J.: 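Have a look at this one before I ask anything.
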Amino acid sequence: MKRTHHCNELRADHAGKTVTLVGWVHSRRDLGGLLFIDIRDREGRTQTVFDPSDLPKEICDQAAALHSESVIEVAGLVRQRPQGTENSKIPTGQVEVMVKQFTVLNHADVLPFPVDDPEIASKVNEELRLKYRYLDLRRPEMARNLRLRSKVATATRVYLDDQGFLEVETPTLFKSTPEGAREFLVPSRIHPGQFYALPQSPQQFKQILMVAGVERYFQLARCYRDEDLRADRQPEFTQVDIEMSFIDREDLYALIEGLLKRVWKTALNMDIPTPFKRISFEEALNRYGIDKPDSRIGMELNDLTDDFRSSTFKVFSGTIAAGGVVKAINAKGLACATQGQIETMTEYAKSFGAKGLAFIKVEGGEWKSPIVKFFSEAEKTALKSKLAIEEGDLILFAADQWLNACEILGKIRLYCAEVLKSQGKLTIDPTRFDFMWVVEFPLLSFDKEMNRWYSSHHPFTAPVTEDIPLLKTDPKKVRGQHYDVVVNGVELGGGSIRIHQPDVQKTIFEELLQIPAQETQERFGYMLEAFRYGAPPHGGIALGFDRLVAILCGTTSIRDVIAFPKTAKGTCLMTDSPAPVTPRQLRDLHIDVRAAKKEAPPAAPAV
RNA sequence: GGGGGUGUAGCUCAAUUGGUUAGAGCGCUGCCCUGUCACGGCAGAGGUUACGGGUUCGAGUCCCGCCACUCCCGCCA
């Protein structure tokens, strides 16, 4: 068997050539005498013709009995199609292969779902698609995603190699660092009762590589987090992990902008403008109510705190008196929102801790609202001008402490955008990509319940240099040298300049995070020690590779760009994992299982 | 852990207020068909309405439980 051409290769000037094609039976049209079979491989498809006047009956019968997706090999003569029978829908539509020899390489059973019909195949229950992932991946859309992912990975490697980066692999069997994401544990057979952890990210190793003098490191690194899944979160995922020595934030921005420019050019043949705009965490919250703004949908937040400071509407003025703020968005054209939708929004807002969701519907020239009667003329005028209120608008308010008020309206804003989209009142150009850097995150956040500070990003993030004195006096004000790269409301990645001075690192660990010295030593001792032996200033970033590819493929679910993804409950429907193991295996690992045993599934019926 | 959505033939979907034998398209099986490409024509098979209970003269439809898939909250340094 030697194929001479792939199935998207033959053109009119191949006429007269004898060729061999291999591939899958895409479709079969049996006219009783003449039989057409479209043979498909990953490149495309080609029509083959079985002519009974030319071939033994057995061959024609055998070919006529084939199911879709059987794998065949055909050899024959390429010829120009008879006039009037060309098919302009496919690139090989000018020619066909007159079959001389034919072999069935694998006879396919009837399929659980159609692979050839994109209309139906794209609507097939995802459960079925995951169970028969190999069939799902044959669909052109999925094959395209796999191919695009591969191209982006290669473009990334080439770009970073051009920039002098070394690709270094780091261990998958790591040590548990019980802070941050929940880890997957791997019991040690050789060391009874001890465990490895799968890395949440190669964070510590990449910093150590800087101490090791690598200067420029990258890796398409597999990371593992035992947390609940989302459309854009899987328990195992891939990061473009990057770390560099002797840099500041500007160097990093330039590097990543160059990388994304290259990737967008390679994948979509698009030139994205650089540098990306930059927005501080505070401004992002103030304007968009979220630290990963989608700037394509308008409806920015407005601050009305000053306007309602002495309002007779106590819900607002009272909140302000207690140190809170009043914010509002204008959902243009949403005055038609149903009672149900307003209720949904209110419930949604409440789930984030809002007490309620005040609103004004601007309909029929009047402001319909349960609260507007409390507003003075001056307050109404301020609203009207600040929010540019027009007929048909829906105004939504949040009154709360700053962060809460912002976040509530931020979520409501995204919800409104979805409603407007579904009503056709908001359309977004699918080729629009709004990149931005979100910067100046607070280094630390305070956990009221635990009564302690924790790292907003991770404990290795360097404070902004001029804020270092504030560490001991006013930790809340310390900004971190942290940055997130965001596109269209998706956090593509984040990173920071790291701490490379052992004393600053020690202050963070022991004085602010209040990790006891002994524990710091046990968990991070090797890092602190490494920093004592010549640690260069360094920083880096990690980009979510699955999210990156998903955006390029125009899908919201990273499952569409991962060959073998997990379900929302972390199972693999194709291999049926996770699964029980034998008592013998457990014994070797010194493990007793206390969980109730799941009942074994009934034996599969004989096929 | 919590909330929402979905589950009817192999696939995609329908089934009025709880009311006859649960339907359609595609696929599948058989027969016919020599220029189709969504080939066409005729005939046929195919259902534990996810699963387990309950209410009712009667349940795909209502109630309770449960499972799977999915979206979201929590969670994701």
Side-chain angles (χ1 to χ4, degrees), chain A residues 26-38 45-54 60 64-65 67-68 81-90 92-93 96 109-132 135 177-183 200-201 203-204 223-235 237 344 347-353 411 414-415 418 443-445 447 453-461 480 482 491 494 496 508-509 513 515 523-524 544 556-557 559 566-569 571 573 598-599 601:
Chain A
H26 185 75
S27 65
R28 191 169 46 95
R29 293 173 297 281
D30 184 352
L31 272 55
L34 268 187
L35 170 67
F36 298 97
I37 288 181
D38 283 1
R45 59 190 161 109
T46 301
Q47 174 166 280
T48 65
V49 189
F50 292 71
D51 188 336
S53 62
D54 213 22
C60 286
H67 285 150
S68 286
R81 291 198 193 185
Q83 206 173 8
T85 66
E86 303 89 349
N87 183 357
S88 59
K89 289 181 198 161
I90 54 174
T92 59
E96 59 194 5
D109 282 349
V110 175
L111 303 174
F113 62 88
V115 173
D116 60 327
D117 184 338
E119 287 277 306
I120 295 182
S122 63
K123 292 198 317 199
V124 170
N125 190 348
E126 192 164 6
E127 200 174 343
L128 212 58
R129 290 174 50 202
L130 290 174
K131 180 166 181 193
Y132 301 96
L135 293 179
T177 53
E179 188 154 330
R182 192 178 295 117
E183 297 161 318
Q200 305 166 26
S201 78
Q203 183 62 37
Q204 294 173 46
C223 307
Y224 306 88
R225 295 181 188 172
D226 188 8
E227 297 290 351
D228 286 351
L229 292 83
R230 289 284 191 282
D232 63 350
R233 277 173 14 200
Q234 285 268 306
F237 62 99
T344 304
E347 286 308 310
Y348 195 42
K350 280 182 178 170
S351 72
F352 297 106
K411 299 277 189 183
L414 293 176
Y415 177 85
E418 286 310 309
L443 184 71
L444 301 157
S445 311
D447 184 332
W453 294 97
Y454 64 94
S455 300
S456 304
H457 181 47
H458 62 53
F460 313 113
T461 303
H482 172 59
E491 182 192 328
S496 61
I508 299 273
F509 277 144
L513 302 182
I515 304 175
R523 280 157 61 179
F524 305 109
T556 51
S557 168
R559 290 189 300 276
K566 301 279 190 282
T567 70
K569 286 212 174 131
T571 66
L573 296 178
K598 270 200 171 179
E599 271 196 45

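Chain A is the first sequence line, chain B the second, and so forth, proteins listed ahead of strands; every chain is numbered from 1. These values consider heavy atoms only, across backbone and side chains, with no hydrogens, waters or symmetry-generated copies. As the structure is a computational prediction, the values presented were derived from the model and not from experiment.
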J.: Please report, rounded to the nearest Å, how far the P atom of G41(B) is from the CZ atom of Arg29(A).
T.: 16 Å
J.: Counting heavy atoms from C-beta on, name the nucleotide in C37(B), G35(B), C11(B) closest to the side chain of Leu128(A).
T.: C11(B)
J.: Just to verify, which of Val124(A), Leu130(A), Asn125(A) counts as forming a side chain to side chain contact (heavy atoms under 4.5 Å, CB included) with Glu127(A)?
T.: Asn125(A)
J.: Would you indicate what Gln203(A) reaches in the nucleic acid, counting non-hydrogen atoms under 4.0 angstrom: base, sugar-phosphate, or nothing?
T.: base
J.: Identify, between Ser557(A) and Ile90(A), the residue whose nearest nucleotide on RNA chain B lies closer to the 5' end.
T.: Ile90(A)
J.: Checking all strands, does Pro112(A) fall into the base, sugar-phosphate, or nothing category for heavy-atom contacts under 4.0 angstrom?
T.: sugar-phosphate
J.: Output the single nucleotide from U29(B), G74(B), C39(B) whose closest atom is nearest the side chain of Asp228(A).
T.: G74(B)
J.: Do Gln204(A) and Arg523(A) have side-chain N/O donor and acceptor atoms under 3.5 Å apart?
T.: no
J.: Check every atom of G35(B), G74(B), C39(B) against the side chain of Ser27(A) and return the nucleotide holding the closest atom.
T.: C39(B)
J.: Would you indicate, yes or no, if U29(B) has its OP1 or OP2 atom less than 4.0 angstrom from a side-chain nitrogen or oxygen of His67(A)?
T.: yes
J.: Check whether any side-chain N or O of Glu183(A) sits under 3.5 Å from a backbone N or O of Arg225(A) as a donor-acceptor pair, and report yes or no.
T.: no
J.: Once you apply the 3.5 Å cut-off to both distances, tell me the Watson-Crick or G-U wobble partner of G7(B), or none.
T.: C67(B)
J.: To the nearest Å, give me how far apart CG (Leu414(A)) and C1' (C73(B)) are.
T.: 15 Å
J.: Rounded to whole angstrom units, what separation is found between the CG atom of Leu573(A) and the C1' atom of U70(B)?
T.: 12 Å
J.: Checking base pairs now: Watson-Crick or wobble, both atom distances under 3.5 Å. What partners C57(B)?
T.: G19(B)
J.: If you measure from the C1' atom in U49(B) to the same atom in A9(B), how many Å do you get, rounded?
T.: 10 Å
J.: Does a side-chain N or O of Ser201(A) approach OP1 or OP2 of C76(B) to a distance below 4.0 Å, or not?
T.: no
J.: Whole Å only: how far is the CD atom of Glu183(A) from the C1' atom of C75(B)?
T.: 15 Å
J.: Is the distance from OP1 or OP2 of C72(B) to the nearest side-chain N or O of Arg233(A) less than 4.0 Å?
T.: no
J.: Between C75(B), G35(B), U70(B), which one does the side chain of Ala568(A) approach most closely?
T.: U70(B)
J.: For G60(B) and G54(B), measure between their P atoms and round to the nearest Å.
T.: 15 Å
J.: How is Glu126(A) classified with respect to the nucleic acid when contacts are heavy atoms under 4.0 Å: base, sugar-phosphate, or nothing?
T.: sugar-phosphate
J.: Check every atom of C69(B), C76(B), C37(B) against the side chain of Asn87(A) and return the nucleotide holding the closest atom.
T.: C37(B)
J.: OP1 or OP2 of A38(B) sitting under 4.0 Å from any side-chain N/O of Lys89(A)?
T.: yes
J.: Distance check, C1' atoms only: A43(B) and C62(B), in whole angstrom units.
T.: 41 Å
J.: Indicate whether Phe113(A) forms a stack on C11(B); treat it as stacked only if centroid distance is below 5.5 angstrom and interplanar angle below 30 degrees.
T.: no
J.: Name the orientation class of the two ring planes belonging to Phe524(A) and Phe509(A) (parallel below 30°, tilted from 30 to 60°, perpendicular beyond 60°).
T.: parallel
J.: Give the nucleotide from the list C69(B), U34(B), C33(B) with an atom nearest to the side chain of Pro52(A).
T.: U34(B)
J.: Would you measure the distance from the P atom in C37(B) across to the matching atom in C26(B) and give it in whole Å?
T.: 15 Å
J.: With a 4.5 Å cut-off on side-chain heavy atoms, are Gln200(A) and Thr177(A) touching?
T.: yes
J.: Just compare C71(B), U12(B), C28(B) and give me whichever is closest to any side-chain atom of Val124(A).
T.: U12(B)
J.: Applying a 3.5 Å limit to both distances, which nucleotide forms a Watson-Crick or G-U wobble pair with C39(B)?
T.: none
J.: Whom does C28(B) pair with, Watson-Crick or G-U wobble, provided both distances fall under 3.5 Å?
T.: G44(B)
J.: Counting C-beta onward and ignoring hydrogens, is there a side-chain heavy-atom pair between His458(A) and Ser496(A) closer than 4.5 Å?
T.: yes
J.: What's Arg230(A) touching, base or sugar-phosphate or nothing? Going by heavy atoms closer than 4.0 Å.
T.: base
J.: When all nucleic acid strands are considered with a 4.0 Å heavy-atom cut-off, which category describes Asn125(A): base, sugar-phosphate, or nothing?
T.: sugar-phosphate
J.: Below 3.5 Å is the cut-off: list the nitrogen or oxygen pairs between protein and nucleotides 43-45 of chain B, distance only.
T.:
none

J.: If you only use heavy atoms from C-beta on, which nucleotide in U36(B), A68(B), C11(B) is closest to the side chain of Ile120(A)?
T.: C11(B)
J.: Check whether any side-chain heavy atom of Arg81(A) lies under 4.5 Å from a side-chain heavy atom of Asn87(A), and answer yes or no.
T.: yes
J.: When rounded to the nearest Å, what value does the distance between C1' atoms of C33(B) and C71(B) take?
T.: 49 Å
J.: Rounding to an integer number of angstrom, what distance separates U12(B) and G27(B) when you compare their C1' atoms?
T.: 11 Å
J.: If you look at every strand shown and take non-hydrogen atoms under 4.0 Å, does Gln204(A) touch a base, only sugar-phosphate, or nothing?
T.: nothing
J.: Distance check, C1' atoms only: C28(B) and C75(B), in whole angstrom units.
T.: 47 Å
J.: Using purine N1 to pyrimidine N3 plus N6-O4 or O6-N4 for Watson-Crick, or N1-O2 and O6-N3 for G-U wobble, each under 3.5 Å, what pairs with U34(B)?
T.: none
J.: Please report the distance, rounded to the nearest Å, between CD in Glu418(A) and C1' in G5(B).
T.: 15 Å
J.: Where the side chain of Lys123(A) is defined as all heavy atoms beyond and including C-beta, which of G35(B), C71(B), U12(B) is the nearest nucleotide?
T.: U12(B)
J.: With a 4.5 Å cut-off on side-chain heavy atoms, are Pro235(A) and Leu229(A) touching?
T.: yes
J.: By the 4.0 Å heavy-atom rule, please label Lys350(A) as base, sugar-phosphate, or nothing.
T.: nothing
J.: Kindly indicate whether the side chain of Leu513(A), heavy atoms from C-beta on, has any atom under 4.5 Å from the side chain of Pro459(A).
T.: yes
J.: Using a 4.0 Å heavy-atom cut-off, does Arg559(A) contact any base of the nucleic acid, only the sugar-phosphate backbone, or nothing at all?
T.: sugar-phosphate
J.: So which nucleotide from A68(B), C39(B), U70(B) ends up closest to the side chain of Glu127(A)?
T.: A68(B)
J.: Mind checking Glu491(A) for me? I need base, sugar-phosphate or nothing, with any heavy atom below 4.0 Å counting as a touch.
T.: nothing
J.: Applying a 4.0 Å non-hydrogen cut-off, can you work out what Leu31(A) is touching in the nucleic acid: base, sugar-phosphate, or nothing?
T.: base
J.: Distance between the C1' atoms of G5(B) and C76(B), in whole angstroms?
T.: 24 Å
J.: Under 4.0 Å, heavy atoms only, any strand: does Thr571(A) hit a base, just the sugar-phosphate, or nothing?
T.: sugar-phosphate
J.: Between Ser456(A) and Leu130(A), name the one whose nearest nucleotide on RNA chain B is closer to the 5' end.
T.: Leu130(A)
J.: Contact class for Thr85(A) vs. all strands (heavy atom < 4.0 Å): base, sugar-phosphate, or nothing?
T.: base
J.: Under a 3.5 Å distance rule, please check whether Thr461(A) uses its side chain to pair with a backbone N or O of His482(A) as donor and acceptor.
T.: no
J.: Are any non-hydrogen side-chain atoms of Arg559(A) and Glu126(A) less than 4.5 angstrom apart?
T.: yes
J.: State plainly whether the residues Arg28(A) and Asp38(A) are in salt-bridge range, i.e. N to O under 4.0 Å.
T.: no
